[in-house]
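The structure appears below as structure tokens.
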Number of protein chains: 2
Amino acid sequence: MHSSEQIPHPVIRRLPKYLVHVQELREEGVEWASSQEIADALGLTSSTVRQDLSHMDLRGISKKGYETSQLEAVLRQILGADIMHHVVIIGAGHLGRALAEHGAFARRGFEICGLFDRDEDLIGKSFGNAEVMSIHELAEQAGKVKIDIGIIAVPSSAAQNVAEMLVEAGVKAILNLAYKHIQVPSNVTVVDARIMESLQELAYALGKKGKAVN
Amino acid sequence: MHSSEQIPHPVIRRLPKYLVHVQELREEGVEWASSQEIADALGLTSSTVRQDLSHMDLRGISKKGYETSQLEAVLRQILGADIMHHVVIIGAGHLGRALAEHGAFARRGFEICGLFDRDEDLIGKSFGNAEVMSIHELAEQAGKVKIDIGIIAVPSSAAQNVAEMLVEAGVKAILNLAYKHIQVPSNVTVVDARIMESLQELAYALGKKGKAVN
DNA sequence: AAGGTTTTGTCAAAAATTTATCAATACATT
DNA sequence: AATGTATTGATAAATTTTTGACAAAACCTT
């Protein structure tokens with residue numbers, strides 16, 4: 001237990017869910033939350049919740065559960081919500097712009113410090129707090145501020161190319177929104193968040209249901 | 001084997017990746033793909049690929065692999081990419097609009113047949129092919145066309161409420177883009193695609209890397 | 001302060017998923 | 001046609017993840 005060791009990936013993927021829920025509880029004035037309560041709210045079992053939380057630096061108390069403020073603090077710390085991350089968005093199309101204009105990032109520790117596009121006509125325009133820069137200025141910008149995370153919001157045909165530019169610029173974490181798998185060196189972390197894939201997953205579920213006998 | 005049985009969830013999540021890659025190969029004129037080739041392109045092992053494909057109605061051939069056109073067809077069929085799904089988007093903020101204006105959905109079997117918002121000032125405006133309707137018209141619209149999928153693109157505070165409206169309107173599949181877990185009856189499928197969570201996952205990876213000894 | 005009760009933390013079992021292995025197969029080459 | 005080789009499909013092993021179970025802990029009530 002305790003936070004120095006490696007936390008399994010399925011657990012990591014659940015941590016943001018815990019954080020949102022616990023934060024809400026704390027804001028409502030709820031001071032304690034049991035593993036069962038958390039499990040019910042998130043569609044898990046209490047056993048899973050306790051197992052997950054055992055990876056972290058905190059102890060619950062019998063008969064009360066976990067202290068929401070403490071749990072929130074620990075989760076924020078693990079998920080890096082307390083330190084500011086510098087994020088660049090590549091692609092100022094509909095999706096890239098929507099992200100740049102989305103106010104919630106700053107509140108969660110993600111500061112948009114660059115919005116890039118290939119299209120000359122877009123350069124200089126502003127979305128949210130970000131002004132569109134030429135993709136060729138990416139390397140230069142990387143020299144000025146350390147870029148923590150790059151978001152790929154370009155058409156899938158350009159995704160791999162953009163990924164390589166980000167890697168060259170020294171970016172070690174990439175969020176890929178393009179509908180295409182990208183290949184990067186093993187020291188770079190990629191997380192996919194593809195709306196199209198999620199929709200296809202739903203379409204599969206619908207097909208399954210339609211065919212079901214019961 | 002064979003498609004009547006239940007396909008494990010991790011497999012389902014990989015299928016869209018296979019589809020994208022195989023489609024690309026086929027368009028490039030590549031007629032055969034081995035499990036090893038597919039694995040390399042997608043960062044998997046050949047064993048996993050063969051295991052995954054064994055759930056489907058298709059046979060590879062020794063020494064050649066899988067026929068790309070056949071594989072693509074089978075994947076499209078399983079993922080429902082050949083039939084049109086009716087999709088509504090709730091929330092005409094930046095993200096909802098970006099999705100409505102995103103042209104790629106129609107090509108993949110998802111037709112936006114409604115864009116709803118609570119804000120009276122937005123009603124009547126058009127984004128992409130969709131005109132914003134009042135959220136109160138959702139039930140009415142559901143009576144006219146069968147809504148297959150609902151996309152929740154509202155602030156997290158409204159997510160649960162919107163989810164319930166969708167359920168009442170008879171929607172059986174929901175894509176939740178809000179940063180909050182939603183609760184629905186067990187006959188409704190929910191898939192989360194939360195950009196914020198993905199970013200937090202990356203932030204965790206960055207923190208881990210910073211602390212690593214090697 | 002003693003007893004009852006709820007909930008944790010941990011260990012072990014069960015289930016699910018991934019990976020390794022290898023005989024069978026089908027193609028290519030000679 | 002015979003031989004060699006690459007690749008599948010299937011089975012089994014290994015690993016990972018989830019769930020179950022229960023003693024220990026801590027609170028509440030009397």
Side-chain angles (χ1 to χ4, degrees), chain A residues 1-18 21-22 25 30-71 74-75 181 186 201 204 208, chain B residues 1-18 21-22 25 30-71 74-75 181 186 201 204 208:
Chain A
M1 314 69 254
H2 302 325
S3 59
S4 59
E5 61 183 83
Q6 157 81 2
I7 301 177
H9 197 249
V11 178
I12 296 298
R13 284 203 313 253
R14 282 191 291 269
L15 296 190
K17 297 185 210 295
Y18 291 134
H21 183 62
V22 164
L25 286 177
V30 179
E31 288 180 34
W32 297 90
S34 72
S35 56
Q36 186 66 59
E37 278 175 298
I38 297 173
D40 289 346
L42 268 44
L44 307 167
T45 67
S46 66
S47 199
T48 299
V49 173
R50 288 202 301 280
Q51 197 79 296
D52 287 356
L53 300 190
S54 77
H55 294 283
M56 299 159 43
D57 250 333
L58 118 149
R59 311 274 305 181
I61 314 191
S62 291
K63 202 91 188 225
K64 294 187 113 179
Y66 302 87
E67 201 180 352
T68 53
S69 62
Q70 189 194 5
L71 181 48
V74 172
L75 287 166
H181 180 81
S186 62
E201 201 180 319
Y204 167 80
K208 215 64 215 159
Chain B
M1 328 50 265
H2 302 325
S3 57
S4 58
E5 59 182 84
Q6 158 81 0
I7 301 177
H9 198 250
V11 178
I12 297 297
R13 286 204 311 255
R14 281 190 292 269
L15 295 189
K17 297 184 210 293
Y18 292 133
H21 183 63
V22 164
L25 287 177
V30 179
E31 288 182 35
W32 297 90
S34 71
S35 56
Q36 186 66 60
E37 277 176 299
I38 297 173
D40 288 347
L42 268 44
L44 307 167
T45 67
S46 66
S47 200
T48 300
V49 173
R50 288 201 300 282
Q51 198 79 297
D52 286 357
L53 299 191
S54 77
H55 293 283
M56 298 159 44
D57 249 332
L58 117 151
R59 310 275 305 182
I61 308 189
S62 291
K63 207 69 199 224
K64 295 187 112 179
Y66 302 86
E67 201 181 350
T68 53
S69 62
Q70 188 192 6
L71 182 47
V74 172
L75 287 166
H181 180 80
S186 63
E201 201 180 319
Y204 167 79
K208 217 60 216 159

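- The interatomic distance linking A/Met56 (CE) with C/dT8 (C1') rounds to 15 Å, in whole Å.
- Comparing B/Tyr66 and A/Asp52, the nucleotide of DNA chain D nearest to each residue sits closer to the 5' end for B/Tyr66.
- Residue B/Ile38 holds its CD1 atom at 7.5 Å from OH of B/Tyr18, rounded to the nearest 0.5 Å.
- By the side chain to side chain donor-acceptor pair (under 3.5 Å) test, B/Thr48 pairs with B/Thr45, sequence neighbours left out.
- Residue B/Arg14 places at least one side-chain N or O closer than 4.0 Å to OP1 or OP2 of C/dT18.
- Following rounding to the nearest Å, B/Leu53 (CG) and D/dA10 (P) show an atom-to-atom distance of 12 Å.
- For A/Ser34, the side-chain contact (heavy atoms from CB on, under 4.5 Å) test picks out A/Gln36, A/Glu37, with sequence neighbours left out.
- The side chain to side chain donor-acceptor pair (under 3.5 Å) test applied to A/Gln51 returns no partner, not counting sequence neighbours.
- The CD1-C1' distance, from A/Ile12 to D/dT17, rounds to 14 Å in whole Å.
- Put simply, the side chain of B/Gln51 and the base of C/dT17 share no donor and acceptor less than 3.5 Å apart.
- Taking atom NE2 of A/His9 as the reference point, atom C1' of C/dA16 lies 17 Å away to the nearest angstrom.
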Could you go step by step and tell me if B/Lys208 and A/Ile7 meet the side-chain contact (heavy atoms from CB on, under 4.5 Å) rule?
CA-CA 10 Å; B/Lys208 217 60 216 159; A/Ile7 301 177; 5.5 Å; no
Between protein and nucleotides 22-29 of chain C, what N or O pairs are separated by less than 3.5 Å?
from	atom 1	to	atom 2	distance (Å)
C/dT25	O2	B/Ser62	OG	2.9

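- The side chain to side chain donor-acceptor pair (under 3.5 Å) check on B/Glu67 picks up nothing, with sequence neighbours excluded.
- You'll find that the side chain of A/Arg59 is closest to C/dG9, out of C/dT17, C/dG9, D/dT8.
- In this structure, OH in B/Tyr204 is found 8.0 Å from CG in A/Leu15, a value given to the nearest 0.5 Å.
- For the pair B/Leu71 CG and D/dG9 C1', the interatomic distance rounds to 16 Å; values are reported in whole Å.
- Atom CD in A/Glu31 sits roughly 18 Å away from atom C1' in C/dT7 (whole-Å rounding).
- Within residues 36-47 of chain B, the residues that place at least one heavy atom under 4.0 Å from DNA chain C are, in residue-number order, B/Thr45, B/Ser47.
- For A/Arg14, the salt bridge (Lys or Arg N to Asp or Glu O under 4.0 Å) test picks out A/Asp52, with sequence neighbours left out.
- Atom CD1 in A/Ile7 sits about 14 Å away from atom P in D/dT18, given to the nearest Å.
- For the side chain to side chain donor-acceptor pair (under 3.5 Å) test, residues two or more places apart in sequence or in another chain that qualify with B/Ser35 are B/Arg50.
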